[in-house]
2 protein chains.
Amino acid sequence: MPNATPFQTGLRQHRRKLTRGRQVILDIITQATRHLTPAEIYRQARDKYPQLGLTTVYRTLDLLVELGYAQRVHLEESCHSYLIATRAHGHHLVCSTCGRAEEFAECDVNALVRLLESRTGYAIDAHMIELMGKCPNCQTKLRAHNARKK
Amino acid sequence: MPNATPFQTGLRQHRRKLTRGRQVILDIITQATRHLTPAEIYRQARDKYPQLGLTTVYRTLDLLVELGYAQRVHLEESCHSYLIATRAHGHHLVCSTCGRAEEFAECDVNALVRLLESRTGYAIDAHMIELMGKCPNCQTKLRAHNARKK
DNA sequence: TTTGTAATTGAAAACGATTTTCATTTAGAA
DNA sequence: TTCTAAATGAAAATCGTTTTCAATTACAAA
Ligand SMILES: [Mn+2]
Ligand SMILES: [Mn+2]
Ligand SMILES: [Zn+2]
Ligand SMILES: [Zn+2]
């Protein structure tokens with residue numbers, strides 16, 4: 001099997017199949033210079049492959065992320081949770097198990113901002129920094145749970 | 001008018017009214033140690049104020065964010081756009097006008113992570129960093145547009 | 001206190017994004 | 001070529017959010 005693409009190889013390793021829809025979708029996000037929503041990808045994909053279903057677009061994007069061929073971008077709008085505001089400029093450290101959150105103000109992005117502005121020409125005016133982990137409580141519970149299981 | 005709360009004062013300054021629903025919602029997120037979705041807030045609020053509508057919860061949260069009494073947290077799940085993955089560990093600088101994105105790998109969070117781990121006891125295992133700004137193209141267009149308007 | 005009015009409300013419907021279901025098709029190993 | 005697990009598309013269900021609208025309410029002004 002000569003000339004297998006990395007995508008073909010990756011799929012085979014995970015016992016997944018290469019289909020026309022998957023190839024078309026990967027091609028689209030490969031060529032894009034901007035982030036695309038599932039609906040946008042669906043519209044573009046149907047030009048090349050009209051019978052493609054939107055469901056398959058969602059499933060394929062999940063697969064591409066899982067296999068590392070695509071990544072998600074988080075945008076400002078929609079799908080939020082809310083926390084009381086205690087500082088003007090706050091970022092959060094959120095427990096991925098229970099949702100508990102600690103606020104922090106330290107964020108030293110100036111050096112990074114300057115570097116990227118000169119590299120890309122963008123005028124950077126905002127940033128989003130969030131850290132995820134396990135809170136002390138959840139760590140304790142998890143340890144107890146693991147001990148019991150042993 | 002003695003003893004006005006900061007919330008009452010803030011509302012009056014913006015010519016908004018203090019209602020029972022608004023007070024209940026602010027109380028809930030004030031007492032919470034975790035982030036809460038609109039649906040979660042709605043459920044809790046109805047214990048204290050059964051006739052409250054979910055619509056009002058959404059409207060109130062927008063208001064609280066606008067006035068600076070609440071802030072939004074972005075979570076891992078739902079509401080994404082997608083980009084091709086070109087690096088194992090990539091963050092993005094996204095143009096807020098056209099959506100164009102540049103990937104970058106520099107992210108120096110180790111010092112921050114250590115500081116916060118010792119301060120909070122969390123075991124930090126992930127982070128989300130995204131920068132927003134205007135790409136060179138959009139800056140040019142914007143400048144041209146402003147010049148024409150003058 | 002009463003009045004006037006803009007702000008606010010809740011119910012219902014509309015909306016948009018995402019997921020589930022299920023019968024059918026298909027990629028690719030054997 | 002055969003066989004089967006994987007994948008598919010259409011439709012319906014589900015979920016979060018917004019819009020609409022007539023009724024209510026907070027509160028400034030009289
Ligand atoms: Mn910051
Ligand atoms: Mn990083
Ligand atoms: Zn926790
Ligand atoms: Zn742009």
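All heavy atoms count here, side chains included; hydrogens, waters and symmetry mates do not. By convention in this document, chain letters (A, B, ...) are assigned in the order of the sequence lines, proteins followed by strands, and residues within each chain are numbered from 1.
Remark: C1' of C:dT21 and CG of A:Leu54 are 16 Å apart, rounded to the nearest angstrom. The separation between B:Leu18 atom CG and D:dA28 atom P is 11 Å, rounded to whole Å. In this structure, B:Arg12 atom CZ and D:dC27 atom C1' are separated by 9 Å, rounded to whole Å. Look at CZ on A:Arg43: it is 12 Å from C1' on C:dA17, rounded to the nearest Å. Straight-line distance from the CG atom of A:Leu52 to the P atom of D:dA10: 9 Å, rounded to whole Å. When the C1' atom of C:dA17 is taken as reference, atom CD1 of A:Ile41 falls 14 Å away, rounded to whole Å. The nearest whole Å value for the distance from the OH atom in A:Tyr58 to the C1' atom in D:dC15 is 12 Å. Atom CD in B:Gln51 sits roughly 12 Å away from atom C1' in D:dT25 (whole-Å rounding).
Taking only side-chain nitrogens and oxygens, A:Thr19 comes nearer than 4.0 Å to OP1 or OP2 of D:dT8. Using a 4.0 Å cut-off, some side-chain N or O of B:Arg22 falls inside it from OP1 or OP2 of C:dT8.
Taking every side-chain heavy atom of B:Thr56 into account, C:dT9 is the closest of C:dA11, C:dT9, D:dA6. If you check C:dT26, D:dG9, C:dT8 against the side chain of B:Arg16, the one that comes closest is C:dT8.
Summarising the geometry, atom NZ belonging to A:Lys141 is positioned 13.0 Å from atom CZ belonging to A:Arg143; distances are rounded to the nearest 0.5 Å.
Between B:Tyr122 and A:Glu102, some side-chain heavy-atom pair lies under the 4.5 Å cut-off. Considering only heavy atoms from C-beta on, A:Asn137 comes within 4.5 Å of A:Arg100 through its side chain.
Each of A:Ala39 and A:Thr55 lies near DNA chain C, and the nucleotide nearest A:Ala39 is the one positioned closer to the 5' end. Where A:Tyr42 and A:Leu63 each meet DNA chain D at their nearest nucleotide, the meeting point lying more 5' is that of A:Leu63.
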> Between B:Asp27 and B:Gln23, is a side chain to side chain donor-acceptor pair (under 3.5 Å) present by the stated rule, with each step listed?
Replying inline: CA-CA 6 Å; B:Asp27 289 347; B:Gln23 188 63 61; 3.0 Å; yes
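Judged by distance alone, with hydrogens and angles left aside, A:Arg59 brings a side-chain donor or acceptor within reach of the base of D:dG9, the pair sitting under 3.5 Å.
Relative ring orientation between A:His91 and A:Phe104 is described as tilted, the plane-to-plane angle lying within the 30° to 60° band.
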